[in-house]
Visitor: 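Take a look at the following structure, please.
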Number of protein chains: 2
Amino acid sequence: MKNSRITLKDLAKDLNLSPSTISRALGNHPAISDATKKRVQKMAEELGFRPNSIASSFRKKKTQTIGVIAPRIDIHFHSLVISGIEEFAYNNGYNVTIFQSKDSLKREKEIIKILQNKMVDGIIVCLSIETKNCDHFKKINKLGIPLVFYDRVPTDFDTNKIIINDFESAYLATEHLIKSGCKRVGHISGSQTTNIFKARLEGYKAALKHYKLPVEESLILFTNNLSYEEGVKCAETYLKSTTKPDGIFCANDYTAVSVIQVFRKAGIKIPEDVAIVGFSNYPISKIIEPHLTTINDRAFQMGEAATKLLIRQIEEKDESISSETITLKTELIIRESSIK
Amino acid sequence: MKNSRITLKDLAKDLNLSPSTISRALGNHPAISDATKKRVQKMAEELGFRPNSIASSFRKKKTQTIGVIAPRIDIHFHSLVISGIEEFAYNNGYNVTIFQSKDSLKREKEIIKILQNKMVDGIIVCLSIETKNCDHFKKINKLGIPLVFYDRVPTDFDTNKIIINDFESAYLATEHLIKSGCKRVGHISGSQTTNIFKARLEGYKAALKHYKLPVEESLILFTNNLSYEEGVKCAETYLKSTTKPDGIFCANDYTAVSVIQVFRKAGIKIPEDVAIVGFSNYPISKIIEPHLTTINDRAFQMGEAATKLLIRQIEEKDESISSETITLKTELIIRESSIK
DNA sequence: AACAGTTATGCAAACGTTTGCATAACTATT
DNA sequence: AATAGTTATGCAAACGTTTGCATAACTGTT
């Protein structure tokens, strides 16, 4: 019994055909007769032939592999995006190789090199927090490797991006609070070095202006990374303040949850005294009491859309399109925390 | 300007050396003089040479790639495990290609074939829920491709497994409730077709017996998949029952959280009237009020351990070890929900 | 000066698949 | 019966790297 795996040559010898015919038969090439195709397929099945995709990739210069760089995999948002990527890729004959940049620029650059070595057909990226300059991605782009960014995307070069409309989402959330009867709407914001949090702040302000409410700087609190702990601090700041809000739009669900808990402990009723809206529709938003009104940021769909766009760019013959930005619709999910 | 990428041959021509020398120089082969190595490295750097790993994999029959099959990526437990896998693999020069079985046996089998075609060096798997028979994995094993299972592992064949001690963890959790003064400890259990939930039930019973408490069947409730909703139903069942528990060990955190919420709404004080312990240390356990006592199931470490074992098996020359089972230590994290 | 031993490099084949081109074997048309 | 057209198959090269073996150029020993 031979130890090594069956190759096209083995099949060829057994069937008295040439390897090229076998290759074409299995690839359903039109020039091969149906009779031969049947014979080949049957024999391949019998011998348990497994085509060597490495050899195929090597020859075709096409790996059917997509590289993904996310800051971390264990953050729910990213795990949802990656799930969407894997699902869409799988259904279209592509495989997914994942890397965590750990929000390190150095590691991001290392990964880019590895992906280049591995000859992936395309790359999907959410930028590391440290990345201010995208030259390493521009290089990749020059080499003709398709690139799609999601969520945290570069501003300094024209490329493919999948984003949500943070401005509009924030506007919607704030408008909802106003329409629920809030007169003094606060905002807990993320780092202003990140565009998405800037946009959320702007959307919030725009809604206030549209409804002729004053933008009070004392009602806007800033955090570094919107952690649960920072949320607690913000809540305490609001509590100490003389001019308390009667509604708060939080830039993520973690801070929203911490505000709910701190306020409740302080005897403030949610939503009666203060209405709360979060952002991202994290699992906890359905569990916290009262259930949290929030924005569905469509993470899974983001992964799907990124992959769809990437594959189109990979397979596109037409080189006329150089870049594309897709903005996904978000959705305000109204739950108890905001219904006065 | 040439359009295609630089190869060993290009470097060879430029330096008046043979491709083999270039290959060895870059691979730091001892037979190459330091002077030559320096020259080669410098030129490679200058021309931006990127070694073609596909060609290398093809020639060496080694892809430096690990295939991972998880039921889904967007479940927190699995995203943590995968994070551990990626981290350990990356630090040891391996890449990770991920697949979701979606708990479908058919898809699991398809993926196995793809991984075989792709010539991955090894595979890490958490079995799909539908998988009762592991013949497709046995085949892989016969071909000499190293295989490591985690969490949901096969019982019908001898292979590499990373598990936690569910029995002991459940014993610890139950013992803790008993020592906190509970006299009537209930248990919300998962599907008994899954070994880990069987083991948790057994551990619970063993603790009761050890402390001379009766095992009351009416206090043990069964669910299909330990969902939040099923937890709510269990809580309601307990409420209606004439013989209520004063402590409950839940087989996961979701059901524990739902019990806390339903009981609190019914005016039952947690932990004073009923103490609660969960399982898995989900993020929500630190947020729910009262904070949930639970078992740290070491998901990240599980991923690391699986990868470490797999890489050892890949690189091991010694064929004498055929299989290994590693049991990770868990940890009881005591929080407010169980302190009477 | 002859030889053995060491050091550095090159040659050429191999890995398994794909594909442009050639060609053989038919079929249909005059 | 000769020709053109079609259909099915084979030949051989190529993709970029690695590696066993050969060999050339030294160094040191007698």
Side-chain angles (χ1 to χ4, degrees), chain A residues 2-41 43-44 47-65 93 114 116-121 143, chain B residues 2-41 43-44 47-65 93 114 116-121 143:
Chain A
K2 248 214 310 208
N3 203 14
S4 55
R5 67 197 264 163
I6 315 285
T7 70
L8 284 187
K9 281 185 193 167
D10 298 330
L11 283 180
K13 212 166 273 178
D14 284 8
L15 290 164
N16 251 316
L17 289 168
S18 75
S20 26
T21 303
I22 308 290
S23 173
R24 288 193 259 249
L26 292 170
N28 202 28
H29 193 283
I32 304 295
S33 72
D34 287 351
T36 307
K37 282 182 188 168
K38 289 249 167 63
R39 279 208 311 144
V40 171
Q41 269 147 16
M43 184 61 91
L47 299 189
F49 169 74
R50 300 272 88 228
N52 181 332
S53 350
I54 296 296
S56 171
S57 296
F58 176 44
R59 167 66 225 234
K60 297 205 286 185
K61 298 176 168 316
K62 180 103 200 324
T63 53
Q64 298 296 118
T65 298
I114 295 173
Q116 222 181 310
N117 295 356
K118 293 210 93 184
M119 314 254 299
V120 294
D121 295 338
L143 290 164
Chain B
K2 248 212 314 205
N3 202 13
S4 56
R5 66 197 264 163
I6 313 285
T7 70
L8 285 186
K9 281 184 193 168
D10 299 329
L11 283 180
K13 212 166 273 176
D14 285 7
L15 290 164
N16 252 317
L17 289 167
S18 76
S20 25
T21 302
I22 308 289
S23 172
R24 287 193 261 249
L26 293 170
N28 202 27
H29 193 284
I32 304 297
S33 71
D34 287 351
T36 308
K37 281 182 188 169
K38 288 248 168 64
R39 279 209 310 145
V40 172
Q41 268 148 16
M43 183 62 90
L47 300 189
F49 169 74
R50 299 272 87 227
N52 181 332
S53 353
I54 296 296
S56 171
S57 295
F58 175 44
R59 167 66 225 233
K60 297 206 286 185
K61 296 175 169 318
K62 181 103 199 324
T63 53
Q64 298 295 119
T65 298
I114 294 173
Q116 222 182 310
N117 295 356
K118 293 212 91 183
M119 313 254 299
V120 295
D121 295 338
L143 290 164

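Bear in mind the structure is a predicted one, so any value in this text is a computation, not a measurement. The figures here come from the full heavy-atom set of this structure, side chains too, leaving out hydrogens, waters and symmetry mates. Order of the sequence lines sets the chain letters (A, B, ...), proteins ahead of strands, with each chain counted from 1.
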Visitor: Between atom NZ in B:K9 and atom P in C:dA12, what is the gap in whole Å?
Guide: 13 Å

Visitor: Taking OP1 and OP2 of D:dT19, is either one under 4.0 Å from a side-chain nitrogen or oxygen of B:K60?
Guide: no

Visitor: Name the closest nucleotide to the A:S20 side chain, picking from C:dG16, D:dT17, D:dA12.
Guide: D:dA12

Visitor: Determine all donor-acceptor pairs shorter than 3.5 Å in which one atom belongs to a side chain in residues 22-32 of chain A; sequence neighbours excluded.
Guide:
| residue | atom | partner | partner atom | Å |
| --- | --- | --- | --- | --- |
| A:N28 | OD1 | A:K37 | NZ | 3.1 |
| A:H29 | ND1 | A:A31 | N | 3.1 |

Visitor: Just how large is the angle between the end axes of the helix from C:dA1-D:dT30 to C:dT30-D:dA1, five pairs per end, to 10 degrees?
Guide: 60°

Visitor: Take atom NZ in B:K62; do more than 12 heavy atoms of anything else shown fall under 6.0 Å from it?
Guide: yes

Visitor: For B:K13, what residues pass the side-chain contact (heavy atoms from CB on, under 4.5 Å) criterion, not counting sequence neighbours?
Guide: none

Visitor: Can you name the atoms? Protein N/O to nucleotides 5-8 of chain C N/O, anything below 3.5 Å, with the distance.
Guide:
none

Visitor: Of the residues in residues 22-29 of chain A, which ones touch DNA chain C at a heavy-atom distance under 4.0 Å?
Guide: A:S23, A:R24

Visitor: Please confirm whether the shortest side-chain N or O distance from B:K61 to OP1 or OP2 of C:dG16 is below 4.0 Å.
Guide: yes

Visitor: Atom CG of A:D10 to atom P of C:dC15: distance rounded to whole Å?
Guide: 11 Å

Visitor: Using only atom types and a distance under 3.5 Å, with no angle test, would you say the side chain of B:D14 pairs donor to acceptor with the backbone of B:L11?
Guide: no

Visitor: Rounding to a whole Å, what distance do you find between A:K62:NZ and D:dA14:C1'?
Guide: 19 Å

Visitor: Please answer whether the main-chain N or O of B:R50 pairs with a side-chain N or O of A:N117 as donor and acceptor at a distance below 3.5 Å.
Guide: no

Visitor: Is the phosphate of D:dG10, meaning OP1 or OP2, less than 4.0 Å from a side-chain N or O of A:S18?
Guide: yes

Visitor: Contact class for A:N117 vs. all strands (heavy atom < 4.0 Å): base, sugar-phosphate, or nothing?
Guide: nothing

Visitor: Give the residues of residues 47-58 of chain A touching DNA chain D, defined as any heavy atom closer than 4.0 Å, sorted by residue number.
Guide: A:F58

Visitor: Toward the 5' end of DNA chain C, which comes first, A:P19 or B:R59, by nearest nucleotide?
Guide: B:R59

